[in-house]
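Written below as structure tokens is the structure these notes are about.
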Amino acid sequence: MTSSSSEHATDRIDTRLQHIGQAPLDPITGAGPVALPSMRTSTVRFASMDVLDRTQAAKQRGERAPTYGRVGLQTHAALEDLLCQLEGGQRAFLAPSGMAAISMALMACLSQGEHALVVDCVYGPVRYLHQTILSRMGISMDFVAPSLDRLQAALRPETRVLYLESPGSLLLEMLDLPALSQWAHQHNLTVIVNNTWGSGYIYQPLALGADISVVAGTKYIGGHSDLMLGAAITQDAALVHKLHETHYALGSTVSADDAWLAIRGARTLGLRMRTCAEHAMVVCQWLARQPQVSHLFFPAWPGDHGHALWQRDATGSNGLLSVAVDFTEPQVRQVIDSLRLFGIGYSWGGYESLVTQVEPSALASHSYWARVADERMKTGTVLRLHIGLEDPADLIADLRQAFAA
């Protein structure tokens, strides 16, 4: 068995992350490994029919009671416990990607004929999910600016969910999550928040009023760009039941090896996030002095529009930032191709630095862009950077030569 969360309730999170999911000591020899092994199985065996019956009954109650391998055994349970510790939840449900976790959470809370309000700064594939599967199921969505007056205007009698992402995708717009959650609960809406940016370590939506926190463990929790993982976490008993039945019905499964890698990655989560945040701040200080830079989107940056909300609600930052630059399309492509230390790729949250160009069409769907972009910004483009664990002086030197190319 893994160590229980109650044993660590008084320890700080950095300490708990080192001890959740340790391998048990052998009761006879008193010895054992440090790390819990990757417990792979397709079949779960039972000592007797009575044991099987008790397990089936526990599963029907929504408890974690594996009867088949896709739910996983000790390795999966340890990761679920770890995610609950990070997010302040009671149950975590694993999925094979962040997007799969988003889909699971939305499908658990919405039925045919119902409606969801979605803030317009969310991860782009949420729109695709709506255009394809959810609309085919008779579920409708409105993508709305994250202000109470706009949400109120879009509210319908059949609205059941408020789906948020804070900070928002692409431009890292900080939302007033407590105020939005309070409004949603006044209208009996379930609040689902994509918390991949905070990953439970620097931002805790459940403590700020959300009902379900969704995270892509692919990013900072895994931390090494070598696994795909998602999870939905809640502390509400009724939502535990809804997520449990949806998770089971969809057949979502995560390999034991990926669960094991995520546990290993989480051991250094705090160290990596703090270091990436420190490096990103150094890079921002250099970027702010460059004549080609018209705006920085980084909640920890004092000039960011959401800085005050970040100070109030978050406990730290990470390495993800966007920057508006005065480059034409050919110029920005040359800048990206000239970078030596930044890989070109869509993900983030690993140990390495990455760069992508934000598509103008994607920016057009974000009301935040329309609010903050002046004419200078609108004539340029936006780069998204993930600042990794490389020495920031080397990253700045790389950016300097690319800007001059």
Side-chain angles (χ1 to χ4, degrees), residues 119-124 145-147 165-175 197 276-311 314 317-346 348 353-388 390 392-405:
V119 292
D120 60 10
C121 60
V122 296
Y123 180 50
S147 64
E165 183 168 348
S166 183
S169 182
L170 303 183
L171 299 177
L172 302 173
E173 175 185 6
M174 289 296 301
L175 306 187
W197 177 88
C276 287
E278 291 168 3
H279 290 182
M281 186 61 74
V282 174
V283 171
C284 280
Q285 290 166 354
W286 180 84
L287 286 169
R289 298 192 298 269
Q290 305 314 302
Q292 304 97 327
V293 172
S294 54
H295 200 88
L296 289 171
F297 300 91
F298 185 59
W301 182 249
D304 187 273
H305 285 75
H307 183 66
L309 286 174
W310 172 81
Q311 286 183 306
S317 186
N318 60 33
L320 190 65
L321 63 99
S322 291
V323 53
V325 289
D326 293 334
F327 291 126
T328 64
E329 179 68 17
Q331 287 173 329
V332 79
R333 293 176 69 88
Q334 184 177 0
V335 166
I336 292 173
D337 286 344
S338 298
L339 288 167
R340 180 176 63 87
L341 297 177
F342 289 79
I344 303 173
Y346 285 113
W348 46 272
S353 292
L354 294 169
V355 59
T356 57
Q357 180 185 359
V358 178
E359 291 293 330
S361 60
L363 288 175
S365 66
H366 285 53
S367 59
Y368 187 56
W369 176 248
R371 295 201 305 273
V372 303
D374 57 26
E375 290 307 314
R376 181 184 170 205
M377 289 162 62
K378 289 177 181 177
T379 60
T381 190
V382 174
L383 296 176
R384 189 178 73 178
L385 303 175
H386 178 254
I387 306 302
E390 302 93 341
D394 293 328
L395 297 176
I396 289 170
D398 194 24
L399 288 164
R400 180 182 293 112
Q401 64 83 23
F403 274 33

Identify the two heavy atoms, one from Trp310 and one from Ala300, that lie closest to each other, and give their separation to 0.1 Å.
CZ2-CB, 3.6 Å
With a 4.5 Å limit on heavy-atom distance, are the side chains of Trp301 and His307 in contact?
no
Distance in Å, Leu172 CG paired with Tyr368 OH, rounded so as to fall on 0.5 Å steps:
8.5 Å
Would you check if the side chain of His386 reaches a backbone N or O of Val355 as a donor-acceptor pair within less than 3.5 Å?
no
Side-chain contact test, heavy atoms from C-beta onward, threshold under 4.5 Å: evaluate it for Pro146 versus Ser367 and give yes or no.
yes
Nearest atoms (heavy-atom pairs only) where Met174 meets Pro299:
CG-CB, 3.8 Å
Atom pair CG (Asp304) and CG (Leu296), whose distance is rounded to the nearest 0.5 Å:
8.5 Å
Between the SG atom in Cys121 and the CH2 atom in Trp369, the distance rounded to the nearest 0.5 Å is 15.0 Å
Does Val119 reach the side chain of Leu175, with side-chain heavy atoms less than 4.5 Å apart?
yes
Within this structure, what is the CD1-CD distance for the pair Ile396 and Gln290, rounded to the nearest 0.5 Å?
9.0 Å
Qualifying side-chain hydrogen bond (donor to acceptor under 3.5 Å, both in side chains) pairs, either residue in residues 317-329, two or more places apart:
Trp197-Asn318, Asp326-Arg376, Thr328-Gln331, Glu329-Gln357
In short, Val293 meets Val325 closest at the heavy-atom pair CG2-CG1, 4.1 Å
Is Ser338 reaching over with its side chain to a backbone N or O of Ala405, donor-acceptor style, under 3.5 angstrom?
no
Run the numbers on Thr356 and Trp348 for side-chain contact (heavy atoms from CB on, under 4.5 Å), then give the verdict.
CA-CA 10 Å; Thr356 57; Trp348 46 272; over 6 Å; no
Close side-chain approach of Val335 and Phe403, heavy atoms under 4.5 Å:
yes
Are the side chain of Ser353 and the backbone N or O of Gly388 linked by a donor-acceptor pair below 3.5 Å?
yes
Main-chain N/O of Asp398 paired with Gln401 side-chain donor or acceptor, under 3.5 Å:
yes
4.5 Å side-chain heavy-atom contact, Val282 and Trp286
no
Hey, what do you get for CG (Asp374) to NE2 (His295), rounding to the nearest 0.5 Å?
8.5 Å
Can you tell which of Val372, Val358, Leu320 makes a side-chain contact (heavy atoms from CB on, under 4.5 Å) with Phe297?
Val372
When you compare the side chain of Phe298 with that of Ile387, does any pair of heavy atoms fall below 4.5 Å?
no
When you check the side-chain N and O atoms of Ser365 and Asp120, is any donor under 3.5 Å from an acceptor?
no
What distance do Ile336 atom CD1 and Thr381 atom OG1 have between them, rounded to the nearest 0.5 Å?
7.5 Å
Backbone N/O of Tyr346 and side chain of Arg384: donor-acceptor pair under 3.5 Å
yes
Give the intermediate values and the outcome of side-chain contact (heavy atoms from CB on, under 4.5 Å) for residues Val382 and Leu170.
CA-CA 9 Å; Val382 174; Leu170 303 183; over 6 Å; no
Salt bridge or not between Arg371 and Glu173? Use side-chain N to carboxylate O under 4.0 Å.
yes
